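See below for the structure under consideration.
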Amino acid sequence: MFRFLVVFLFLLYGALNGRADTLPGPIPAQILRIVDGDTVHVRASIWVDQTVEVSVRLRGVDAPEVFRPKCQAEKVLASAAKESVAAAMPVGSHVTITDITRDKYGGRVVATILMEDGQTLSDHLLAKGQAVPYDTPKPWCHAF
C-alpha cells in the first residue's frame with residue numbers, strides 16, 4: 001500500500017507539473033526514528049489528513065555506517081553521528097522536507113531536511129565533522 005501511495009503521489013505531481021522525478025516541498029514531517037547519521041524515518045504530511053511513513057536519506061552527504069561498518073573506527077564514529085542527529089532532532093521533532101527524489105536503492109527517498117531552527121541537517125553534520133560531502137573519500141577508517 002505504501003509503495004502504491006508513493007508512486008501515486010509522484011505520478012500525480014508529475015502530471016500536474018510536467019515532471020515526476022522531484023517533489024520540491026516543503027513537506028512537514030515528524031521524526032519517528034533515527035536510522036543512522038544520514039537516514040531518518042519520518043511521518044510526512046502529504047495532503048489534508050493524509051500521511052506517509054518513509055525513510056529519508058540526506059541529500060549531499062555521507063555519514064559513517066552503523067550497519068556493516070568497514071572498521072571499528074567507523075563503528076564508533078557512526079554511533080556518534082547517530083547520537084548527534086538524535087540530539088539535534090529527537091524522535092517526535094517536527095522538520096520540513098524539501099527537494100525530494102527517489103533513492104537509487106528504492107524503499108526510501110533522498111531529500112533535504114530542515115530542522116526546527118531552519119538549518120539543514122546535512123550542514124549540521126558537516127559542521128560537526130560527522131559527515132562528508134557525497135561522493136568524496138570516506139576518512140572513517142583513517143580517523144584514529
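Predicted model, so just to flag it, every value in this text is computed and none were measured. For reference, positions follow the sequence shown, starting with 1.
- One hydrophobic cluster holds both V109 and V95 under the rule that ILVMFWY side chains link at heavy-atom gaps under 4.5 Å.
- At a threshold of 4.5 Å between non-hydrogen side-chain atoms, the residues T39 and R108 count as touching.
- Here the closest non-hydrogen pair linking C141 and A73 is CA-CB, 4.4 Å.
- Residue pairs satisfying the disulfide (SG to SG under 2.5 Å) criterion with at least one member in residues 90-129, sequence neighbours excluded, are absent.
- At a threshold of 4.5 Å between non-hydrogen side-chain atoms, the residues I27 and S45 do not count as touching.
- Between the S79 side chain and the V76 main chain, no donor and acceptor come within less than 3.5 Å of each other.
- Closest of all the heavy-atom pairs between I97 and I100 is CG2-CG1, 3.5 Å.
- Distance CG/L23 to CZ/R102: 10.5 Å, rounded to 0.5 Å.
- Using a 4.5 Å heavy-atom threshold, the side chains of V56 and I113 count as touching.
- Proximity of E53 to L32: side-chain heavy atoms (C-beta onward) are separated by under 4.5 Å at one or more points.
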Using residues 58-70 as the side-chain source, report each donor-acceptor pair under 3.5 Å to any protein atom, sequence neighbours left out, with the distance given to one decimal.
residue	atom	partner	partner atom	Å
R59	NE	D99	O	3.2
R59	NE	D99	OD2	2.9
R59	NH2	D99	O	2.7
R59	NH2	T101	OG1	2.8
R59	NH2	V110	O	3.1
D62	OD1	R57	NH2	2.3
D62	OD2	K138	NZ	3.1

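- At a threshold of 4.5 Å between non-hydrogen side-chain atoms, the residues S84 and H124 count as touching.
- I31 is listed as a side-chain neighbour of V42, based on a closest heavy-atom distance under 4.5 Å.
- Between T22 and P24, the shortest heavy-atom contact is O-CD, 3.8 Å.
- Closest of all the heavy-atom pairs between P90 and A87 is CD-O, 3.9 Å.
- Here the CZ-NE2 distance, from R43 to H94, works out to 10.0 Å after rounding to the nearest 0.5 Å.
- At least one side-chain heavy atom of V35 sits less than 4.5 Å from a side-chain heavy atom of R33.
- Applying the side chain to side chain contact (heavy atoms under 4.5 Å, CB included) rule to P26 yields the partners T96, T98; only residues at least two apart in sequence or on another chain are considered.
- A heavy-atom distance below 4.5 Å is not found between the side chains of M89 and E116.
- Heavy-atom minimum distance, K82 versus I34: CE-O, 3.2 Å.
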